[in-house]
Participant: 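Have a look at this one before I ask anything.
Proteins get letters first, then strands, A, B, ... in listed order; numbering begins at 1 in each.
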There are 2 protein chains.
Amino acid sequence: MSEARTAGGTQPVMVDVAALAGVSHQTVSRVLNGSPHVRAQTRERVLAAIRKLDYRPNTAARALVTRRSQTLGVISFDTTLYGPSQMLYGIEQAARAAGYYISIASLRDQDTFSVHEAVDRLRDQAVEGIAVIASRVSAMAALARQIATVPMVTVGPTDPGRLPGAGVDNEAGARAAVRHLLDLGHETVHHVAGPDDWLEAKARQVGWRGALQDHGRPVPDCLPGDWSARSGYQAALRLADDPGVTAVFCANDHMALGVVRGLHQTGRRVPRDVSVVGFDDIPEAAFLTPPLTTVRQHFGELGRCGLELLLHRVQFSAPTAAGDDSSHQVAIVTPELIVRASSAKPGR
Amino acid sequence: MSEARTAGGTQPVMVDVAALAGVSHQTVSRVLNGSPHVRAQTRERVLAAIRKLDYRPNTAARALVTRRSQTLGVISFDTTLYGPSQMLYGIEQAARAAGYYISIASLRDQDTFSVHEAVDRLRDQAVEGIAVIASRVSAMAALARQIATVPMVTVGPTDPGRLPGAGVDNEAGARAAVRHLLDLGHETVHHVAGPDDWLEAKARQVGWRGALQDHGRPVPDCLPGDWSARSGYQAALRLADDPGVTAVFCANDHMALGVVRGLHQTGRRVPRDVSVVGFDDIPEAAFLTPPLTTVRQHFGELGRCGLELLLHRVQFSAPTAAGDDSSHQVAIVTPELIVRASSAKPGR
DNA sequence: GGAAGATTTGTGAGCGCTAACAATACGTGT
DNA sequence: ACACGTATTGTTAGCGCTCACAAATCTTCC
């Protein structure tokens, strides 16, 4: 009969609870793990002891023997941006609901080295799976190379065929935006794009071009941006030179807001002279001057969705994954066009 | 001589490395922990074996015996908001630099129950310390009650005297904003405040009122807001009834942007008729229409700062903290006024 | 009433690692 | 050559938990 340390500064351990409840440590373990082979009365006694001692199981010991950390990792770049931070939130909520802890690794750069480092870091913590909020094509490639080492999904931007994940149908969103502007009567639509090597930027650009071509409209040169309001502003200054511009579709709301600012400064009125449409529907979009027409993404939903996918994979790849079932699962959410005052009929 | 499993799907463990390097597992441990009592040549051999096997130490086993998880927890509410997400990033960067992992717990509500739950959750993970990005007075109170159980600091809003933490001098920031408007020649300044039970909101309101009183100006009624652009918009509609309003100081940029929108809609021009100043300096502030005068906070810096404080406490409270040294350490950063086009001389 | 079965509990081993101590190797001065 | 101190390495014993299995208890039914 091992004497349990009753006092002292140390945390109580399982045998302490067992001693107090008058059972063996294994019975305590059974109660903790919800085993059905415990008499109700015994369970009560154990639970009472747990409560009295404020006992909390040692996760490290448990992880050591079960080889499961109950932890998922999240790699995120640019938590600064609206989308990523929203998705992180959605992921965390979903993980908690599923009984998992979340460990994060946020990166400044999306280069191969940083990506590998982040994955390593998370693997060192024995995470059971990783959700990645990455967007750069390069980062995706780096991740694809590591997919074998640990279950992984992408959230937000997806790279169908290489990595499983939950994403938004950016192309459809862009098409909807362009179609809306054409329907209003605009001859064509200009585009302020996101960085070349971002998947979302690419997809939105493709959608924009596709919609114009489908309607047999001229496809103007595409203006480069970097998601920031500043880059939108600069694009607008260039756009202002061309009197033919009547409609601009921006790859995100922040750039759209910069475009509005730039147009305004050069004497073009929105939406009287030029219509502007964004993408994302940030919370303040409805309260900008003018309120911004945009394409709404449900980032939170996306995070939840992605995590579900990840959990599924974690379950499957239990000991040795290898030849998984459907390796390239992807969940696609279709975004929604929100029409506000920044887009209107061309006013000639 | 225990035969090391050379193949198999299992991860290599320390004895595997030891066997390959021809040493004991303890020597491997020494190399891993940077012990000086290892011959350089031996160290090399061990490192080579580690590399060859792609061995990675089991954190659970290590945590079990050292009783240190190398993990810090972050509790955050509203990762959605600009400030919190920025601070989270700063915290993560600083933690990584210090060799700590970060586990997050984000909460939807700031009520007592949620706060306790989050702390429990993090404690279950055996985090060595917790950084809290909370703002509600109620949440602070709940935290203060748990401070004894684990080292804790607040980041962002601070509650001097109760919890240690890194914060911004919101009052000084507000004073600077108000003074700026008075200097421009405005008779008084109206205020759209944040939620009553947020510490930042309170401090900014106090600063606003104080500055007005210092200059012997009338203190108008304060308009309530909830940080959202929508609430700013609504406040503006109310403000519009009063022709005497020439300057508005908003407790954050999003509300300021809503105020601008509301004023614009009711025919008041910014800054010609009314000057508007915000707080935060969100990245797009400079590209709003008009560019927003605001008070800049260095959120990232703040996160770093707070984490440093936390690490300090973690070090100190090693086995049994109890009577700590300076229990109410606080780092205060002074924000900076950024003048842009949304504020100007009253145009009568 | 007692054997066969089901239910509930206890026992021992070991997950992979570090901490303490023991044991060796290496030099140095006498 | 010897003892002695110092570098370097090895040995043993857990950390707190779960797993596999053994033991004890309670049923049930002939």
Participant: Name the closest nucleotide to the B:P57 side chain, picking from C:dT9, C:dC17, C:dT18.
Facilitator: C:dC17
Participant: Please test A:I133 against A:I91 for side-chain contact (heavy atoms from CB on, under 4.5 Å), starting from the C-alpha separation and ending with a verdict.
Facilitator: CA-CA 10 Å; A:I133 305 176; A:I91 289 171; 4.0 Å; yes
Participant: State whether the number of non-hydrogen atoms from other residues, nucleotides or ligands found under 6.0 Å of A:E308 atom CD is greater than 12.
Facilitator: no
Participant: Can you measure A:H37 atom NE2 to D:dC21 atom C1' for me and round it to whole angstrom units?
Facilitator: 14 Å
Participant: Would you tabulate the pairs of protein nitrogen or oxygen atoms and nucleotide nitrogen or oxygen atoms of nucleotides 10-13 of chain D closer than 3.5 angstrom?
Facilitator:
residue, atom, partner, partner atom, Å
D:dG10, OP2, B:S24, N, 2.7
D:dG10, OP2, B:S24, OG, 3.1
D:dG10, OP2, B:T27, OG1, 3.0
D:dG10, O6, B:R30, NH2, 2.4
D:dT11, O4, B:Q26, NE2, 3.3

Participant: Without decimals, in angstroms, what is the distance between A:L64 CG and C:dG14 C1'?
Facilitator: 9 Å
Participant: OP1 or OP2 of D:dT8 versus the side-chain N and O atoms of B:T42: is any pair under 4.0 Å?
Facilitator: no
Participant: Sub-3.5 Å donor-acceptor pair from the side chain of B:T59 to the main-chain atoms of A:D124, do we have one?
Facilitator: yes
Participant: Expressed in angstrom and rounded to an integer, what is the separation of A:Q125 atom CD from C:dC17 atom P?
Facilitator: 16 Å
Participant: Checking B:S69 side chain against B:A126 main chain: does a donor-acceptor pair fall under 3.5 Å?
Facilitator: yes
Participant: Evaluate the side-chain proximity of B:V155 to B:L309: yes if any heavy-atom separation is below 4.5 Å, no if none is.
Facilitator: no
Participant: Hey, does the side chain of B:E128 reach the backbone of B:Q70 with a donor-acceptor pair shorter than 3.5 angstrom?
Facilitator: yes
Participant: Check this one for me: any side-chain N or O of A:N58 less than 4.0 Å away from OP1 or OP2 of D:dC15?
Facilitator: no
Participant: From CZ of A:R68 over to C1' of C:dC15, roughly how many Å is that when rounded to an integer?
Facilitator: 16 Å
Participant: Keeping the roles fixed (side chain from A:R96, backbone from B:S106), state whether a donor-acceptor pair exists under 3.5 Å.
Facilitator: yes
Participant: For the OG1 atom of B:T71 and the CD atom of A:Q125, what is their distance to the nearest 0.5 Å?
Facilitator: 5.5 Å
Participant: Represent DNA chain C in dot-bracket notation, 5' to 3'. Only Watson-Crick or G-U wobble pairs with both distances under 3.5 Å count; pseudoknot-style crossings use [ ] and interstrand partners use |.
Facilitator: ||||||||||||||||||||||||||||||
Participant: Please state how far atom CG in B:N33 lies from atom P in C:dG16, giving the value in whole angstrom units.
Facilitator: 17 Å
Participant: Give a yes/no on whether any side-chain N or O of A:R67 is located under 4.0 angstrom from OP1 or OP2 of C:dG16.
Facilitator: yes
Participant: In whole angstrom, give the distance that lies between atom CD of A:Q41 and atom C1' of D:dC26.
Facilitator: 13 Å
Participant: In terms of the nearest nucleotide of DNA chain D, which residue is placed more toward the 5' end: A:P12 or A:R39?
Facilitator: A:P12
Participant: Whether B:T66 contacts C:dT18 is assessed here as follows: a side-chain N or O lying under 4.0 Å from the phosphate OP1 or OP2. Is that the case?
Facilitator: no
Participant: Quick one: side-chain contact (heavy atoms from CB on, under 4.5 Å) partners of B:A94, sequence neighbours excluded?
Facilitator: B:R304, B:L307
Participant: Provide, to the nearest angstrom, the distance between the CG atom belonging to A:D16 and the C1' atom belonging to D:dG16.
Facilitator: 11 Å
Participant: Taking atom C1' of C:dG10 as reference, at what distance in whole Å does atom CE of A:M14 sit?
Facilitator: 14 Å
